[in-house]
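Written out below as C-alpha cells is the structure these notes cover.
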Protein chains: 2
Amino acid sequence: MFKAIADPTRRAILDELVDRDGQSLFEICTRLAMKHGLSSSRQAVSQHLDVLEAAGLVTVRREGRYKLHHVDTAPLGAIAERWPPPGPGRP
Amino acid sequence: MFKAIADPTRRAILDELVDRDGQSLFEICTRLAMKHGLSSSRQAVSQHLDVLEAAGLVTVRREGRYKLHHVDTAPLGAIAERWPPPGPGRP
DNA sequence: TTGATAGGCAAGCGCGTACTTGCCTATGCT
DNA sequence: AGCATAGGCAAGTACGCGCTTGCCTATCAA
C-alpha cells in the first residue's frame with residue numbers, strides 16, 4: 001500500500017478519482033493528460049489501477065463494457081495511525 | 001517523501017525512532033536486528049537515513065563522534081491533508 | 001601516540017518496476 | 001452482420017533503487 005502511493009502518476013490518479021469518483025479507464029487517461037500534463041498510455045494507467053486496487057485504495061465495478069473505478073482513502077488512515085502527529089491531544 | 005515510506009526497512013527505522021528518539025546510527029542498526037529481525041548493514045541503514053532526512057522525516061544533530069537522529073512525523077500530515085478520510089466532517 | 005570506535009564516500013551489482021509493443025476479447029451502435 | 005469502442009494479457013525493455021564492497025576520515029580512551 002505504501003508502494004502504491006510512492007508513484008507520482010498513481011497519486012495523480014487518486015487525486016483525479018477524489019475529484020470525480022467512478023471514472024472509467026479512458027476517462028482517467030484523458031483527464032490525466034489534460035489536467036496533470038501526464039502522457040501515460042492506456043496500458044500504463046491500467047497497470048497503475050491494478051496496483052491501486054491491490055492496495056485497497058480503489059474498488060472496481062463493471063457496468064456493461066465500462067469498468068468504473070471508485071476511490072477509498074480509508075487505508076491511508078493507517079499512516080496517521082502508525083505515526084501520530086505530535087500535536088496536542090484531544091482535550 | 002512518499003518514496004521514503006515506501007520501503008519497509010525505512011518504516012521500521014521510523015518506528016524505532018518514534019519508540020526512542022535521538023538514536024545513533026549503530027544503535028539503530030542494533031535495534032533493527034534485535035526487534036525487527038532485519039540484518040541490514042551499517043551502510044544500508046546510513047543510506048536509508050539519508051533518504052529519510054531528505055524527506056524531512058528525520059533531522060540530524062552531531063554530538064562528538066556520534067550522529068543523533070530525531071524523528072519528525074509532521075510531513076506525514078500532508079497525506080491525510082491531501083486525501084482526507086471520508087468520515088463525518090467537523091460539525 | 002596508538003588503537004578502537006563511529007561514521008563518510010564512491011563505485012558497482014542485481015532486482016524490481018514503470019512503460020511499451022503487439023495482439024486478443026467483449027460490449028454497444030447502426 | 002459489421003464496425004467501433006472499451007478493456008485484457010503477455011513478453012520485452014530501460015531505468016531506478018536497495019545493498020554491498022572497499023577504503024578513508026574523525027573522535028575518544030589507554
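No experiment lies behind these values; they were computed from the predicted model shown. A note on names: the letters A, B, ... follow the listed sequences, proteins ahead of strands, and every chain is numbered from 1.
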State whether A:His48 places a side-chain N or O below 4.0 Å from either non-bridging phosphate oxygen (OP1 or OP2) of C:dC19. yes
Whole angstrom is fine here: how far is it from CG in B:Leu32 over to P in D:dC19? 11 Å
OP1, OP2 of D:dG18 versus side-chain N and O of B:Arg10: anything below 4.0 Å? yes
Would one find a side-chain N or O of B:Lys3 under 4.0 angstrom from OP1 or OP2 of D:dC17? yes
Phosphate OP1/OP2 of D:dT20: any B:Ser41 side-chain N/O under 4.0 Å: yes
Figure out the CD1/P separation between A:Ile5 and C:dA18, and round it to whole Å. 13 Å
Taking A:Lys35 first and then A:Asp15, would you say they form a salt bridge - that is, a charged N and a carboxylate O separated by under 4.0 Å? no
Between B:Phe26 and A:Asp7, which residue's closest nucleotide on DNA chain C lies nearer the 5′ terminus? B:Phe26
Side-chain N or O of B:Thr9 versus OP1/OP2 of D:dG18: is the shortest distance under 4.0 Å? no
In whole angstroms, the gap separating C1' of D:dC19 from CD1 of B:Ile13 amounts to 13 Å
Which atoms form the tightest heavy-atom contact between B:Ser24 and B:Leu68, and what is the distance? N-CD1, 3.9 Å
Mind listing the closest non-hydrogen atom pair of B:Cys29 and B:Arg42 along with its distance? SG-CA, 3.7 Å
What is the distance from atom CG of A:Leu49 to atom CD of A:Gln23, rounded to the nearest 0.5 Å? 10.0 Å
Nearest-angstrom distance from the residue atom CD of A:Glu53 to C1' of D:dG8: 13 Å
Per B:Gln47 side chain, nearest of listed nucleotides D:dT20, D:dA6, C:dT21: D:dT20
Separation of D:dA6 atom P from A:Arg62 atom CZ, nearest Å, is 13 Å
Which part of the nucleic acid does A:Ser40 contact within heavy-atom distance under 4.0 Å: base, sugar-phosphate only, or nothing? nothing
Starting from P on D:dA6, measure out to CG on A:Leu49 and report it in whole angstrom. 16 Å
Write down the distance between CG (A:Leu52) and P (C:dA18), rounded to a whole number of angstrom. 10 Å
Answer with yes or no whether A:Arg42 presents, from its side chain, a donor or acceptor under 3.5 Å of a partner atom in the base of D:dG8. yes
Which nucleotide in the list C:dG7, D:dA10, D:dG7 gets nearest to the side chain of B:Lys67? C:dG7
With a 4.0 Å cut-off on N to O distance, would you call B:Asp7 and A:Lys3 a salt bridge? no
Side chain of B:Gln43 only, please: which of C:dC9, C:dG28, C:dA18 is the nearest? C:dC9
Nearest-nucleotide 5' precedence on DNA chain C, A:Arg65 against A:Ser39: A:Ser39
Return the value, rounded to whole Å, for the distance between atom OH of B:Tyr66 and atom C1' of D:dA26. 13 Å
